[in-house]
Amino acid sequence: MSVTPVPTTDLYDEHGESLGICTVQFRQYGGHRRFAGPVRTLSCHEDNALLRELVNTPGEGAVLVVDGGGSLRTALIGDLIGGAAERNGWAGLIISGAVRDSVALGGLGLGIKALGTVPRKSGKTGAGTVDGPVTIGEVTFRAGDTVHADDDGVVVLATAN
Ligand SMILES: O=C([O-])CC(=O)C(=O)O
């Protein structure tokens with residue numbers, strides 16, 4: 001399901017404090033600075049085998065929210081995983097962790113927010129959890145919620161809203 005991005009400030013003006021507001025100051029790395037979609041989630045720590053597997057399945061316009069524990073030691077995505085996410089129809093990736101190949105990521109047709117960059121690759125054991133609730137920057141993302149992201153931030157509309 002594709003979701004048209006709405007400015008996060010307009011969503012706050014409409015929904016007020018019932019909106020989930022992520023306080024992490026993400027940086028923009030993707031080619032789309034405004035993006036939105038149904039939430040999918042992944043928790044993984046310095047290991048991106050599950051992430052690679054997920055972005056190689058149909059994204060159907062979803063935004064993958066990745067709780068990488070905020071680690072800046074290893075990159076959870078680079079141009080290969082980012083390119084696969086674009087090809088498979090993911091609207092965006094929001095990563096509490098690091099990326100690499102940042103210049104190439106900027107040429108991809110999806111949104112990518114992350115904390116920073118590092119050249120080191122992640123492990124490949126497949127450790128992690130898919131579609132469990134993840135809490136990042138004072139907000140809990142649940143699979144099936146709707147997330148909107150732009151230059152002002154990341155906000156979540158819970159399914160019940
Ligand atoms: O393979 C990795 O670990 C990440 C990467 O560099 C890519 O996605 O291109």
Side-chain angles (χ1 to χ4, degrees), residues 1-5 8 22-137 139-156:
M1 177 185 65
S2 91
V3 175
T4 304
T8 57
C22 182
T23 55
V24 172
Q25 299 299 300
F26 288 106
R27 296 182 180 184
Q28 294 267 25
Y29 293 101
H32 293 175
R33 298 182 75 88
R34 298 175 57 195
F35 57 100
V39 170
R40 299 284 310 275
T41 73
L42 173 65
S43 300
C44 56
H45 187 68
E46 298 178 6
D47 194 289
N48 63 1
L50 265 183
L51 179 46
R52 181 183 296 267
E53 214 175 288
L54 259 183
V55 299
N56 277 291
T57 64
E60 297 171 338
V63 173
L64 183 58
V65 179
V66 182
D67 181 1
S71 173
L72 300 174
R73 288 191 69 253
T74 72
L76 287 173
I77 71 156
D79 58 345
L80 296 178
I81 292 178
E86 178 192 39
R87 266 196 319 282
N88 289 304
W90 292 83
L93 306 170
I94 296 174
I95 302 174
S96 177
V99 301
R100 57 183 226 152
D101 306 320
S102 59
V103 173
L105 295 181
L108 297 178
L110 79 167
I112 301 173
K113 283 195 170 209
L115 301 179
T117 60
V118 70
R120 186 186 290 121
K121 285 194 179 202
S122 288
K124 316 282 176 212
T125 68
T129 307
V130 177
D131 284 337
V134 303
T135 301
I136 300 170
V139 76
T140 300
F141 297 84
R142 293 185 172 81
D145 289 350
T146 305
V147 61
H148 292 258
D150 62 16
D151 285 327
D152 286 323
V154 172
V155 300
V156 190

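Numbers here are sequence positions counted from 1. Predicted model, so just to flag it, every value in this text is computed and none were measured. All ligand and atom numbering here is 1-based and tracks the order in the structure.
Looking only at side-chain heavy atoms (C-beta outward), Q28 and D151 come within less than 4.5 Å of each other. In this structure, the side chains of I77 and R100 stay at 4.5 Å or more apart for every pair of heavy atoms. Using a 4.5 Å heavy-atom threshold, the side chains of Y29 and T117 count as touching.
Considering both main-chain and side-chain atoms, G82 never comes within under 3.5 Å of ligand 1 through any nitrogen or oxygen pair. Looking at ligand 1, you won't find any N or O of A75 less than 3.5 Å from one of its N or O atoms.
Between D47 and T125, the side chains place a donor N or O and an acceptor N or O closer than 3.5 Å (distance only, hydrogens not considered). Side chains of T135 and T140: a donor-acceptor N/O pair is present below 3.5 angstrom, by distance only.
Residue D101 has at least one heavy-atom neighbour below 4.0 Å for each of these atoms of ligand 1: 6 (O), 9 (O). Heavy-atom proximity to K124, at under 4.0 Å, picks out these atoms of ligand 1: 1 (O), 2 (C), 3 (O). Each of the atoms 2 (C), 3 (O), 4 (C) of ligand 1 lies under 4.0 Å from some heavy atom of N48. Listed by atom number, the atoms of ligand 1 under 4.0 Å from R100 heavy atoms are 5 (C), 6 (O).
The protein heavy atom nearest to atom 1 (O) of ligand 1 is R52 NH2, 2.7 Å. With respect to atom 9 (O) of ligand 1, the closest heavy atom belonging to the protein is L80 N, 2.8 Å.
With rounding to the nearest 0.5 angstrom, the CD atom of E53 is 10.0 Å from the CG atom of L42.
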